[in-house]
Amino acid sequence: MIQRPRGTRDFLPEEMFSRRKIEEKLREIAERWGYAEISTPTFEHLELFTMKSGESIIEELYTFKDKGGRDITLRPEMTAPVTRVFLNELKSSPRPLRFYYFANCFRYERPQKGRFREFWQFGVELIGSDKALANAEVIALAWEMLKSLGIQGDLRINDLSILREKLGHLSQEEQNKVLRMIDKKDLESVREFLRGKMEENEIGGLLELVNFRGSYEEAGEIAEISETLRELCELLEIYEVNYSVDLGIARGLDYYTGVVFEIYAEGLGAQNQICGGGSYNLARVFSSIDAPSTGFALGFDRIMEICEKKAEISKPLVLVSTDGVKKEAIRLAMEIREKWPVVIDVMGRSLSAQMRYANSIGAEFVLIVGEKELQKRKLTLRDMRSGEQVEINFEELLELLDKKREDRVCD
RNA sequence: GCCGAGGUGGGGUAAUGGUUAUCCUGUGGGACUGUGGAUCCCACGAUCCGGGUUCGAUUCCCGGCCUCGGCCCCA
């Protein structure tokens, strides 16, 4: 048998149903905050991602040549595509622009818990501002989304300009290299790398910073805190977001400019980051247009793993019919479907076999239609739980189903 | 790319270097042509793939693939 490719998953109806529920919730919140959905192609020119992150990431991309010889890749993330859309068609729109997306992305990596080769990200991008107001809004939105799902994450924020200033005398490239080491918490390499480039006590100070984690006030005691970070912290208080300042968060990416943040959650093993984001200026990388932005991406699959809200799929009404009345049964099903999901027998089964089927799929109700019912212009509705059975006409049936629906909404 | 554990019907399992691979569940049909859940009967359905050792491999060995956990990486 043909297996599914490594690192991919099949989602069966039950799981798909809960995924949709969660997705809907996230959408709803994004829209309430004034973010509008955007969708981009599943594949893009390879260049879009190599310009952003360098050639080395090709290792982790699904790339191929199309029949015209173009270098194409499956998207590994959504920030670059959204920036491309902005530059292609929206660069003269009133700012700020607020977008959200829910998209499958692809990375050729070793699968493990919470990491797949095809995975889903739910993210937002706020294009046009790098003010603390924008950072705070985006962080608060991420917080709100997780909160609505009952997830209490560990949110850590930082301002890269603090570290960059300490490294001010190094070249941009060297700075990025150090930030990468810091992101990986490889402090030995940092010490090694900086030896000779900085005073020994300066290096010590830097490493102390990187290890710091605590409140904004405490951070102020050991470092020159940027105005942006100060403002951001004040705003987050107003948004009622729980956070800590972690001067060691670096997010290994060259184009992050100022505020960065990550959210971690329990119960995920090694891959415990469920959200990452910050302010960036990717438009500058692709063009001469200046568009400071801020955004985040939620790891949708990891979120699904944590919030095990098993929503139950509502079962359709099973319309059971006898041999002689199949056409009438179909007409009836069509009418009821305007109000309620209905399935009919397509196996050519006997009445008792149809009943057995209804029972085995856990149907709540069975509607029985046969010659007897047709003659009396009635329908037989059986409650499969209680076993009670009533004869009613079509209008009464619809009323009953309406009432049933209301009960369900109340649940 | 690296390390460790594992892979037997759709799901869960037993066993074995040698006759037809066990049991539970499932699915289809029947007992039961106007009423489900119980019971009984019949049927369907598996040793991940390739190579090696062997008279004979599902079993032992090697490689691959896949899953799980960890490392690396995570733009």
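Hydrogens, waters and symmetry mates play no part in the numbers below; they use all other heavy atoms, side chains included. Chain letters run A, B, ... following the sequence lines, proteins first, then strands; residues in each count from 1.
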[N] [atom2] sits how many Å from [X] [atom1], rounded?
{"X": "Y357(A)", "N": "rG29(B)", "atom1": "OH", "atom2": "C1'", "result": "17 Å"}
{"X": "D10(A)", "N": "rG10(B)", "atom1": "CG", "atom2": "C1'", "result": "13 Å"}
{"X": "N272(A)", "N": "rC71(B)", "atom1": "CG", "atom2": "P", "result": "10 Å"}
{"X": "L379(A)", "N": "rU35(B)", "atom1": "CG", "atom2": "P", "result": "18 Å"}
{"X": "M384(A)", "N": "rU35(B)", "atom1": "CE", "atom2": "P", "result": "13 Å"}
{"X": "Q112(A)", "N": "rC3(B)", "atom1": "CD", "atom2": "P", "result": "16 Å"}
{"X": "M355(A)", "N": "rC32(B)", "atom1": "CE", "atom2": "C1'", "result": "14 Å"}
{"X": "I249(A)", "N": "rC74(B)", "atom1": "CD1", "atom2": "C1'", "result": "14 Å"}

- Query: Which class fits the ring pair F122(A) and Y100(A): parallel under 30°, tilted 30 to 60°, perpendicular over 60°?
  - Reply: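 Judged by the thresholds at 30° and 60°, the geometry between F122(A) and Y100(A) is parallel.
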- Query: Taking the inter-plane angle between the rings of W33(A) and Y239(A) on a 0 to 90° scale, is it parallel (under 30°), tilted (30 to 60°) or perpendicular (over 60°)?
  - Reply: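 Aromatic pair W33(A)/Y239(A) classed parallel.
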- Out of rU35(B), rG70(B), rC74(B), which has the shortest distance to the side chain of K113(A)? rG70(B)
Within the structure shown, what part of the strands sits under 4.0 Å from [X] by heavy-atom distance: base, sugar-phosphate, or nothing?
{"X": "L12(A)", "value": "nothing"}
{"X": "R349(A)", "value": "sugar-phosphate"}
{"X": "Q271(A)", "value": "base"}
{"X": "G7(A)", "value": "sugar-phosphate"}
{"X": "G387(A)", "value": "base"}
{"X": "R4(A)", "value": "nothing"}
{"X": "E262(A)", "value": "nothing"}
{"X": "Q389(A)", "value": "base"}
{"X": "E371(A)", "value": "base"}

- For the pair S288(A) (side chain) and R284(A) (backbone), establish whether a donor and an acceptor sit closer than 3.5 Å, ignoring hydrogens and angles. no
- Taking for each residue the nucleotide of RNA chain B with the nearest heavy atom, is it R110(A) or F116(A) whose nucleotide lies nearer the 5' end?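 Result of the comparison: R110(A).
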- Are the charged groups of E364(A) and K404(A) less than 4.0 angstrom apart, N to O?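 Salt bridge: yes.
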- Ionic contact status for E231(A) with K131(A), cut-off 4.0 Å: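 A salt bridge is absent here (no side-chain N lies under 4.0 Å from a carboxylate O).
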- Query: Does R6(A) have a side-chain nitrogen or oxygen under 4.0 Å from the phosphate oxygens OP1 or OP2 of rU67(B)?
  - Reply: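 So the side chain of R6(A) is within the cut-off, an N or O lying under 4.0 Å from OP1 or OP2 of rU67(B).
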